[in-house]
Protein chains: 2
Amino acid sequence: MEYKEAKDKFISTWGSLGTLWGINKAMAQIQALLFISTKPLSTEEIMEELQISRGNTSMNVRQLIDWGIVTKELVPGERKEYFTTEKDVQELARVIAKERSRREIQPVIKTLKEVSTIKDDGTEKTRELIKQTKALHDLADTADMMLNKLVNQNQNWLTKSIFKIFK
Amino acid sequence: MEYKEAKDKFISTWGSLGTLWGINKAMAQIQALLFISTKPLSTEEIMEELQISRGNTSMNVRQLIDWGIVTKELVPGERKEYFTTEKDVQELARVIAKERSRREIQPVIKTLKEVSTIKDDGTEKTRELIKQTKALHDLADTADMMLNKLVNQNQNWLTKSIFKIFK
DNA sequence: ATAAACTTTCACAAATCATTGAAAGTTTAA
DNA sequence: TTAAACTTTCAATGATTTGTGAAAGTTTAT
């Protein structure tokens with residue numbers, strides 16, 4: 001497999017992974033492209049490489065910046081904006097974990113809490129609803145704690161934890 | 001908040017969570033409905049509760065069975081099929097983790113491996129591609145190991161692990 | 001102040017994904 | 001075997017998401 005083929009494969013695989021996880025394809029592909037690029041890229045270069053429109057590129061680069069995984073790079077003497085992504089995979093994982101917790105897990109925990117604390121009217125179905133949503137709430141809470149731990153620890157936390165778990 | 005309101009809230013929240021994670025809304029809602037039901041439900045009852053068509057119900061129940069989180073229940077003397085979902089959250093988490101690993105993570109690991117082992121032609125861009133995809137491969141592998149551990153251990157593994165990690 | 005260089009927005013178009021419902025298929029009971 | 005009871009399939013349709021490109025907006029240099 002040659003460079004170009006490998007690059008395209010990586011970008012498209014990353015793109016479909018994104019789709020599967022509720023992240024749009026272009027956004028994931030732009031990130032992938034920047035991730036393997038040896039230098040910051042301009043909007044034009046991204047458009048050209050991925051064959052997408054200016055508007056699409058602009059929107060999705062903005063979202064990536066919003067997520068905190070892409071940053072503007074100012075090249076001296078250039079008017080254009082250039083973009084880079086976080087290159088360290090551990091840091092990347094931390095940022096993504098943090099965002100997913102904030103956007104997805106927190107709201108669900110909130111709802112589960114609300115639902116699991118309704119008044120117990122003594123009927124079987126109410127009891128079941130309370131019992132099951134409470135169990136889910138506990139699970140979600142635990143999962144979220146793990147993610148947050150991941151987010152707040154130093155970069156080697158993940159690796160170190162694996163040792164503890166597997167010991 | 002009364003029972004009905006709480007139930008509806010739970011089902012719709014679970015449904016949108018599903019969407020966010022690439023699982024279709026109806027599928028997630030059916031699972032939620034079964035999860036808080038005190039008895040097995042028939043196709044008709046599911047259709048009625050969620051206001052969805054017979055075809056839709058059939059397809060998505062089938063998928064849930066495929067995932068291994070819903071089972072047919074045969075009620076003696078009845079012709080209809082009734083369905084139940086796994087009620088234990090830990091077991092549910094294990095099954096879902098296992099499926100997600102199989103369907104999503106494994107294929108990506110495979111591609112990352114392929115891409116990261118192309119021949120190093122000495123150019124900077126090839127080196128960067130190899131370096132970065134290798135790093136991702138290692139991360140994905142680690143994440144997958146964690147998930148598999150979760151899948152293969154006894155039910156208290158998760159809780160116990162948290163202790164080790166937080167100690 | 002003006003114009004060139006560049007970025008963002010947004011109405012519309014295109015593509016993707018979910019849902020329906022009726023027809024075809026299957027199972028069961030008699 | 002037949003017919004009733006039930007389940008599955010799938011082409012058509014509806015809904016939602018994503019992408020486009022031209023126009024509007026912004027910034028910078030002069």
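We name chains A, B, ... by the order of the sequence lines, and we start the count at 1 in each one. Scope of the values below: all heavy atoms of this structure, side chains included, with no hydrogens, waters or symmetry mates.
In this structure, the CG atom of B/N56 is 13 Å from the P atom of D/dT8, given to the nearest Å. Here C/dT20 presents its P atom at 14 Å from CD1 of B/I46, a figure rounded to the nearest Å. Note: CG (A/L20) to P (C/dT16) measures 16 Å, nearest angstrom. At whole-Å resolution of the value, NZ in A/K80 and C1' in D/dT26 are 17 Å apart. A/N60 has its CG atom 13 Å from the C1' atom of C/dT8, to the nearest Å. Whole-Å rounding puts the B/L50 CG to C/dA18 P distance at 16 Å. D/dG19 atom C1' lies 12 Å from atom CD1 of A/I30, rounded to whole Å. Atoms CD1 (A/I23) and P (C/dT16) sit 19 Å apart, rounded to a whole Å.
In this structure, of D/dG19, D/dT9, C/dG21, it is C/dG21 that holds the atom nearest to the side chain of B/S53. Of the candidate nucleotides C/dT19, D/dT8, D/dG19, D/dT8 has the atom lying nearest to any side-chain atom of B/R62. The listed nucleotides are D/dG19, D/dA5, C/dT9; the one nearest the side chain of B/R79 is D/dA5. Of all nucleotides listed (D/dT20, C/dT8, C/dG21), C/dT8 comes nearest to the side chain of A/S58. Ranking C/dT8, C/dC17, D/dG19 by closeness to the A/T19 side chain, first place goes to C/dC17. Side-chain atoms of B/E81 lie closest to D/dT7 of the nucleotides D/dG19, D/dT7, C/dT20. Side-chain proximity of B/R54 to D/dT8, C/dT7, C/dT20: nearest is D/dT8. Among C/dT7, D/dC6, C/dT19, the nucleotide with an atom closest to any side-chain atom of B/K25 is C/dT19.
Geometrically, A/R100 engages B/W21 in a cation-pi contact defined by less than 6.0 Å to the ring centre and at most 45° from the axis.
Checked by atom type, the side-chain pair A/Q31/A/W14 shows a donor-acceptor distance below 3.5 Å. No side-chain donor from either of B/T19 and B/S16 sits under 3.5 Å from a side-chain acceptor of the other.
If you check every strand for non-hydrogen atoms under 4.0 Å, A/N24 touches sugar and phosphate atoms only.
A salt bridge is defined here as a Lys NZ or Arg NE, NH1 or NH2 lying under 4.0 Å from an Asp or Glu carboxylate O, and B/K7 with B/E49 meets this definition. A salt bridge is defined here as a Lys NZ or Arg NE, NH1 or NH2 lying under 4.0 Å from an Asp or Glu carboxylate O, and B/E128 with A/K87 meets this definition.
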